Structure formats: structure tokens, C-alpha cells
2 protein chains.
Amino acid sequence: MIADAIRADIASGKLAADQRLPSESELAEAHGVSRATVREALKRLAAQSLIRTRRGAAGGAFVHRQSFEEACADMASKATLLIGLNEIDIATACEARFALERGCMRLAAKHRGPEHLDIMRREIARQKDPELSDEAFCASDVAFHRALVDAAGNPVLSWQLAAAVEGIEPLMNMITYRQRDRDAVIGLHEAIADALEARVGSKLEILIDYLREQTLRTAHAAQGHRLAAKPESPHPRD
Amino acid sequence: MIADAIRADIASGKLAADQRLPSESELAEAHGVSRATVREALKRLAAQSLIRTRRGAAGGAFVHRQSFEEACADMASKATLLIGLNEIDIATACEARFALERGCMRLAAKHRGPEHLDIMRREIARQKDPELSDEAFCASDVAFHRALVDAAGNPVLSWQLAAAVEGIEPLMNMITYRQRDRDAVIGLHEAIADALEARVGSKLEILIDYLREQTLRTAHAAQGHRLAAKPESPHPRD
DNA sequence: ATTTGCTTAAATGTCTGACAAATGAAAACA
DNA sequence: TGTTTTCATTTGTCAGACATTTAAGCAAAT
């Protein structure tokens, strides 16, 4: 397959970033296929963000060096689809999300800068508006946690976590928050911001645990029937 | 774009898994475009694993319910490309990997079954073979950690972690292990297996920290020049 | 009654040739 | 010199044709 050949060239570094591929007609002749076939292969590569095409005189297909930013968006939409198609329940998704997030807390405490605190405090202020819709509250929550994870200063972590958090946003949007629930979440957010400011990683881990339990309680109240089917494990805790 | 329309239908659940899409000719007529254009759109969806095509009498495009297994492989290859193209160093990748893994330890302690321990002990036995090549040692390491993460019993976690661990395998393969390093790693692996068997999550977290430091030391010794450029943060620990 | 082989229809896979649209660069012009 | 026009190049789309694969139906032979 011609797409695989080009893909291998990119992965191996034979084709450098931003380098222009031969034109469709040339590729067709070189590989002994028609232009239509080449185009389908290029579309496939474009769907994987390996190339970008421009048309016009200096146009063509160019090797695209995907940024973590873009990869993030890809991953998030992929995670959303995966979770949707495989009928993952809120409890499982939450468990995963908070487990991953918890792992970043000590790094976040170590590497956080003032800009991360700024974003988090701004989102907390927004969350206090009682007129906020549930969707907007969720979106603000995502922004808050994204800043929290970015504070770890590790692009790989930010990439993975953003995908997890944004991927389950549709699930979280199904939750209806009562004002009491919102107050509890906001209180924890403030405690998290304080602990991050003071760089106390151990406290951050505990607060994330609280937040997980709070979120699960809220989700449980909103759609208890979906969680009821998942019995608690009989294994003892450590 | 016709591809986006179909994608939206799949994401929204309007098109169920394994459902057959209209034929290319019908799609072309329905959307008022040519069959070639439809084909390019379908190729794009196929590249994202949203559909699979079969040819023949009962052929066509079918909505593909991607399994976590497949998504894992996709993610891993994507992570490899990302890390390679963006020149992520081993230290950053390791930091991310062990941070995420650490987050799963308490869940793993809670939900692990005998099969996870079996796999881990088998891989440990394999790692003890001094004739093992560095690549094979790495591969066994990946299998060990994969079982460790699977023990958490959360498909979303397994998916994310497997991608992270396998994605950085090429980086890890650049490390040459001395026998002393291998012994240290194997010792930690045995301690991890023991702690998992005893379901002591807190000890697992500590052991993961040790393993991270051991791995970083090994990587540092093997290619100190790549890590030397990243100075330690001046911030205090918690 | 069961198996085997042939035919046929439906669908994707590919090819060919053409035209439309965008785009950058060179040429023509003021 | 600066502006406009023209032009060549390249991707985007279309229409129609043929090749290939596959399932299903049918008929003949065992």
C-alpha cells in the first residue's frame, strides 16, 4: 500500500517535517497507480494528521509535525467515541480520570507557576455564579483541571490527561448539579488551589480523593441506576 | 463535509455499531457529490477506525465498534510518533509514565486477580535470564507493567497507560542495561509483585517511585548528555 | 439428500480523462 | 518602481467505465 510506504518514510525520518511530497500525478506514476488511488491514500494519511495539503501553484502535500496541542484534541475526541461506543459508565470513567490526575499532583506541586494558579482562581470565580448552566459549569471544571495538570509541566502528561478529562466531558454533562453539590466542588477547588500554591503535593492527593468521592456521589444521585449494577469489590483495602 | 456528517451520526449513536452504511453510489446521490468524493471521505473515516469496508455482494461500509485493544495500538503508535517528532527526552517520558502508573497502584491493589500476578511472576522469571537482549528485556518490562496496570481492572486506565508505556518503548530501547541495573529492576519488580499480592497500595506507590529513580539513573548513565540539558527545578518539595 | 460447480448480482477497488478552483510567480503595464 | 494581469501548477471534484471480490441462488452430479 502506498500510504504505508509514505507513513514509514515519515516515521523513519526519511521525510522531514514540512517537507513537500511529490505531486499526486508524480506519486501516481512513481507507484504505478492512478491519481484517484493516490488521493485516497493521501486522504488516509491526512486523517492521521501525518500530512497536510494545500492547493495552488506551490501547493501539495506536506509532512505535518503534529503538536501536542493538536494530538490532545484528537485524543479527546477519540476517547469520547471510545467511551460512548463501549458504554463505559460514569463510575469507571471517573475512577480512571481521578487516578491519573492523582498521579500528577506531586509534580504539579513541584513545577506549578503563577499562571496556573491564575487560571484556576479565575475558573473558581466563574463557578461561583449560580446562574451558570450545568454545561458551562462542567466546561469550567474541565478548564480548572486542565490548568492543574498543566502545572506538572510535562507535555506528555498534559496530553494524556487532557484527553481523559475532556473525553469524559459528555458523560459529566449528563449530571445535574444541585447547588449543594456545586458548593462542595467549589470548596474542594479552592482547597486544591491553596494546596497547589503552598506546593503541598501530599495534600493535593488527598483533596483529589475527596473530589473523586464527591463527584461519584453527585453522579450516583443523578443516575443511581447506572451505578447500581457495579457492586463493590469484596477485596479488602490495603 | 460528508465525512463529518457520518462521523457525527456515529458519535451521536444514530448509526449503531456494525450497522451497514448506504452504498457508495447511494451516499453519492444522497449528498449530491460524486462517488470518488464519497470514497475519499470513507477512506478518511476508515483511517480513524470508525468504519470498516468489505467488498462483495453483502459488502459495504460498516460502523466499527473499536475495542480498547485496538485503540491501545493506535494510541501507542501515535504516542511513539509524537514523542519522536517532538524530541521528548527520556526523563520527561519516564516522569509521565511513572506518574500515571503510580496513580493506578491503589486500584491495582484493590482489584488485582491471580492472573495478573501470574503474568508478572512469569515475566520476572524471564527477566532473570542473563542471555536476554536489551530489547527483549524491555519488551518483558512492558508486559510486566501492562499486567500491573490491567490489575486495576479499569479499561480506560489500561488503555491510557498501555499507550504511554508502549509509546515510550522505542526510547527505552535506546538504553543499555548493565547486569547491575537489571538486578536492581528485577528486585523492584519482585517487591512490586509481593506488594500487589498482599494488596498494599501504599507500598506499591513507594516502589514505583523507586523504580522511577532507578530507571532515570540507568537512562542517565546510558545517555547523560540528553538529560544534562534539563536542570533540576529550584522549587522545594512538599 | 448432499455436495459440487456455475451463474449472477451487488458492492468495493481502480483507472481514465476532463474540468473547476485556488495560488504563487512571472510578465505586462502604468 | 509599483500595480495589475496572465499563466502554469496543483489539488478538488466529477462522470463513466471496467476489474475484482463476495454471497446467494440454481442446477447437475454423486
Side-chain angles (χ1 to χ4, degrees), chain A residues 1-11 14-67 70 73-74 77 81 85, chain B residues 1-11 14-67 70 74 81 85:
Chain A
M1 188 60 159
I2 170 175
D4 295 324
I6 297 175
R7 190 177 207 282
D9 284 348
I10 295 176
K14 199 179 292 179
L15 290 171
D18 294 326
Q19 189 174 335
R20 184 180 175 282
L21 268 61
S23 75
E24 295 176 350
S25 313
E26 288 170 318
L27 282 174
E29 191 169 5
H31 288 82
V33 294
S34 76
R35 211 187 125 210
T37 306
V38 170
R39 280 185 61 73
E40 288 181 11
L42 292 181
K43 270 286 183 307
R44 197 169 132 180
L45 293 173
Q48 297 175 319
S49 290
L50 280 172
I51 61 170
R52 288 289 158 87
T53 57
R54 283 202 305 267
R55 53 181 185 176
F62 296 82
V63 177
H64 178 63
R65 175 211 213 95
Q66 190 173 32
S67 68
E70 293 166 293
D74 281 9
S77 80
L81 259 165
L85 281 178
Chain B
M1 190 63 160
I2 171 178
D4 294 324
I6 297 175
R7 188 175 209 282
D9 284 347
I10 295 175
K14 199 178 294 178
L15 291 171
D18 294 324
Q19 189 173 337
R20 185 179 172 283
L21 268 61
S23 75
E24 295 176 350
S25 312
E26 288 169 317
L27 281 174
E29 191 169 5
H31 289 81
V33 295
S34 77
R35 206 186 131 212
T37 306
V38 169
R39 279 186 62 74
E40 287 181 13
L42 291 181
K43 269 287 183 305
R44 198 168 130 178
L45 293 174
Q48 298 175 322
S49 290
L50 280 172
I51 61 169
R52 288 288 159 87
T53 56
R54 283 203 305 265
R55 50 182 191 177
F62 296 81
V63 177
H64 178 64
R65 176 209 213 98
Q66 190 173 32
S67 68
E70 294 168 294
D74 281 10
L81 255 166
L85 282 178

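Because the structure is a prediction, the values reported are computed rather than measured. Below, read A as the first sequence line, B as the second, and so on, with proteins coming before strands; counting in each chain starts at 1.
Shortest non-hydrogen contact noted between B:Ala47 and A:Gln48 is O-NE2, 4.2 Å. Pairing each heavy atom of B:Asp74 with each of B:Ser49, the nearest pair is OD2-OG, 3.8 Å.
Atom CG of B:Leu21 and atom P of C:dA10 are 19 Å apart (whole Å). One interatomic measurement links the two molecules: CZ of A:Arg54 to C1' of D:dT9, which rounds to 14 Å at whole-angstrom precision. One can place CD1 of B:Ile2 at 11 Å from P of D:dT13, the figure rounded to the nearest angstrom. Remark: P of C:dT14 and CG of A:Leu42 are 14 Å apart, rounded to the nearest angstrom. Rounded to whole Å, the distance from CG on A:Leu27 to P on D:dT10 is 11 Å. Taking atom CZ of B:Arg55 as the reference point, atom P of D:dT21 lies 5 Å away to the nearest angstrom. For the pair A:Ile51 CD1 and D:dT10 C1', the computed distance is 14 Å after rounding to whole Å. Remark: P of D:dT13 and NZ of B:Lys43 are 16 Å apart, rounded to the nearest angstrom.
In this structure, of D:dA23, D:dT13, D:dT21, it is D:dT13 that holds the atom nearest to the side chain of B:Glu40. Comparing D:dT11, D:dA8, D:dT13 by their nearest atom to the side chain of A:Ala57 picks out D:dA8. When distances are taken from the side chain of B:Thr37 to each of D:dC14, C:dT12, C:dC15, the shortest belongs to D:dC14. For A:Arg20, the listed nucleotide lying nearest its side chain is D:dT10; candidates were D:dC14, C:dC15, D:dT10. The B:Glu24 side chain lies nearest to C:dT12 when the options are D:dC14, D:dT10, C:dT12.
Contact annotation: A:Arg35 does not reach the phosphate of D:dG12 (side-chain N/O to OP1 or OP2, under 4.0 Å). Within the 4.0 Å cut-off from OP1 or OP2 of D:dG12, at least one side-chain nitrogen or oxygen of A:Arg39 is found. Within the structure, every side-chain polar atom (N or O) of B:Ser25 is placed at least 4.0 Å from both OP1 and OP2 of C:dA11.
Side-chain contact annotation: B:Ser67 with B:Glu70, donor-acceptor N/O pair under 3.5 Å present.
Judged by distance alone, with hydrogens and angles left aside, the side-chain atoms of A:Glu26 form a donor-acceptor pair with the main-chain N or O of A:Ser23 at under 3.5 Å.
For A:Val33 and A:Ala58, each mapped to the nucleotide of DNA chain C holding its nearest heavy atom, the one lying further toward the 5' end belongs to A:Val33.
Using a cut-off of 4.0 Å between Lys/Arg side-chain N and Asp/Glu carboxylate O, B:Asp18 and B:Arg52 are scored as not salt-bridged.
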